[in-house]
Amino acid sequence: MLPPMETKTIIEIRDLSTGYSTKKEEKIIGAHLNGALHEGDFVCLLGPNGAGKSTLLKTLAGLQPAIHGDVIIQNILLANYKPKELSKVVSVVLTDNTKLSGMTVYDVVAMGRSPYTGFWGQLKDSDHAIIEKCMQWVGVSELKDRQMGNLSDGERQKVMIAKSIAQETPVILLDEPTAFLDYPSKVSVMLMLHRLAKSKNKTILLSTHDIENALQISDEIWLLDEEKGLISGIPEDLCKEGCIEDFFVTEGMYFDPEQCSFHLQYKTAREVIMVGKEDSTEYQLARRALIRNGIKPIKRYEDSKLKGTLKSVVIWVPGDGTYRMLDNDVEILNVTRIEHILNITTATITKNHIQAVRDAANMTAFE
Ligand code: ADP
Ligand code: MG
């Protein structure tokens with residue numbers, strides 16, 4: 001049995017089927033989805049293009065009717081919320097904000113206050129104070145008079161986040177907030193949203209393709225699978241259970257569950273003996289450079305699995321910043337750059353490898 005959850009459930013989905021229906025047909029995108037989001041949770045929604053991430057987010061935000069099943073937000077059925085009441089509970093940042101390009105940053109953030117303003121949409125002093133504070137919180141105060149259309153993607157995304165914070169909802173849903181951002185901006189937006197969830201106890205669900213960041217930062221991952229529906233769990237459990245690997249690994253890559261990271265798979269056709277300080281960064285980097293160039297470092301000649309591996313040549317990484325090459329225990333090279341040891345190794349073992357292949361095929365060399 002699971003230990004009792006201490007955190008409050010904010011959103012629950014029960015046997016939910018999302019999709020689009022017209023008079024003629026019903027197009028189901030995600031079928032029989034079940035899951036729950038808790039107070040203060042930062043959750044990433046992952047899945048390939050077309051899996052139905054945007055559709056699910058829109059359904060949770062009440063922008064797209066469910067085909068079947070229930071969405072329950074703070075113990076009330078989503079269908080029973082009046083639009084204004086829902087806008088005090090859920091804010092949503094979608095991918096398309098081109099319609100806002102003529103507006104200033106301040107006015108966009110101010111839109112977040114609309115559930116609280118009266119019929120005429122008049123902002124009070126307290127609203128202005130909140131808008132200023134939200135812009136400050138995400139770091140866009142200096143942009144407040146700029147037009148949305150003239151901002152960078154990262155800046156625009158931050159403004160949209162400021163708007164959703166100004167809406168003061170316990171739940172924030174975001175559709176690919178890190179798409180089109182450079183790597184540092186992706187990380188900074190992710191960290192900012194994580195900080196928001198933790199410091200203000202908000203429940204945040206965002207879709208993303210930045211799997212490795214998501215695995216590092218999320219409290220929970222939601223995987224949207226065409227066949228299995230919604231798979232959820234903490235990142236480490238999903239890695240342990242092989243879900244991440246099953247989901248994202250394609251030919252030419254592999255997943256390292258210990259590090260929760262993806263790597264390219266290289267085919268190695270040659271070997272070289274490499275000894276030294278194995279736990280040093282310089283050893284690991286040299287190893288990586290060799291593998292990337294199709295050379296597998298082995299520790300002893302006895303480990304050799306290929307024909308033509310040189311017995312006499314050894315790369316030695318003493319751990320003092322240098323790379324040495326020994327031939328029959330005589331030092332023939334002492335360099336500090338990996339590139340140099342790589343070039344020499346490639347040249348040395350390739351020549352030997354070609355000879356071994358020729359010997360095996362009983363061919364004679366032309367030169
Ligand atoms: P994701 O965000 O995971 O890439 P989407 O939710 O955008 O996936 O789309 C899921 C599926 O729903 C796609 O096959 C898409 O073509 C379809 N779809 C999206 N919007 C509509 C719509 N308004 N009407 C009909 N089908 C749609
Ligand atoms: Mg989408």
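Here the structure is a predicted model, which means the values were calculated and not measured. Below, each value reflects all heavy atoms present in this structure, side chains not excepted, and no hydrogens, waters or symmetry copies. Indexing begins at 1, ligand by ligand and atom by atom, following the structure's order.
In terms of the side-chain hydrogen bond (donor to acceptor under 3.5 Å, both in side chains) criterion, Ser17 has no residue partners (sequence neighbours excluded).
Salt bridge status for Lys277 with Glu282: absent, with no side-chain N to carboxylate O gap under 4.0 Å.
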Report all side-chain donor-acceptor pairs from residues 62-79 shorter than 3.5 Å, counting only partners two or more places apart or in another chain.
{"unit_1": "Gln64", "atom_1": "NE2", "unit_2": "Gly19", "atom_2": "O", "d": "3.0"}
{"unit_1": "His68", "atom_1": "NE2", "unit_2": "Asp15", "atom_2": "OD2", "d": "3.4"}

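At the shortest separation from atom 17 (C) of ligand 1 among protein heavy atoms lies Lys27 NZ, 3.8 Å. Scanning all protein heavy atoms for the shortest distance to atom 4 (O) of ligand 1 gives Gly50 N, 2.7 Å. For atom 7 (O) of ligand 1, the closest non-hydrogen atom of the protein is Ser54 CB, 3.6 Å. What sits closest to atom 8 (O) of ligand 1 on the protein, heavy atoms only, is Gly52 N, 3.2 Å. Nearest non-hydrogen protein atom to atom 12 (O) of ligand 1 is Ile29 CD1, 3.1 Å. Here the heavy atom of the protein found nearest to atom 27 (C) of ligand 1 is Tyr20 CE1, 3.2 Å.
Of all the atoms in ligand 1, the ones that sit under 4.0 Å from a non-hydrogen atom of Asn49 are 4 (O).
Proximity of atom 10 (C) of ligand 1 to the protein is indicated by at least one non-hydrogen atom lying closer than 4.0 angstrom.
Counting only N and O atoms by type, the side chains of Thr55 and Tyr20 include a donor and acceptor under 3.5 Å apart. For the residue pair Thr203/Asp41, the side-chain donor-acceptor check at 3.5 Å is not satisfied. Glu26 and Ser21 share no donor-acceptor pair across their side chains, judged by distance under 3.5 Å alone. Asn328 and Ser312 are not linked by any side-chain donor-acceptor pair at a separation below 3.5 angstrom, with hydrogens and angles left out of the test.
With rounding to the nearest 0.5 angstrom, the CD1 atom of Ile161 is 9.0 Å from the CH2 atom of Trp137.
The closest approach between any non-hydrogen atom of Ala51 and ligand 1 is below 4.0 Å.
In Glu226, the CD atom is not crowded: 12 or fewer heavy atoms of neighbouring residues, nucleotides or ligands sit closer than 6.0 Å.
Inclusion of Asn49 in the first shell of the Mg ion (ligand 2) is not supported: no N, O or S atom falls under 2.8 Å.
Residue-level proximity to ligand 1 for Thr55 is carried by backbone and side chain together, each with a heavy atom below 4.0 angstrom. Only the backbone of Pro48 comes within 4.0 Å of ligand 1, judged by heavy-atom distances.
With distances taken over non-hydrogen atoms, the option nearest atom 3 (O) of ligand 1 out of Gln64, Lys53, Glu25 is Lys53.
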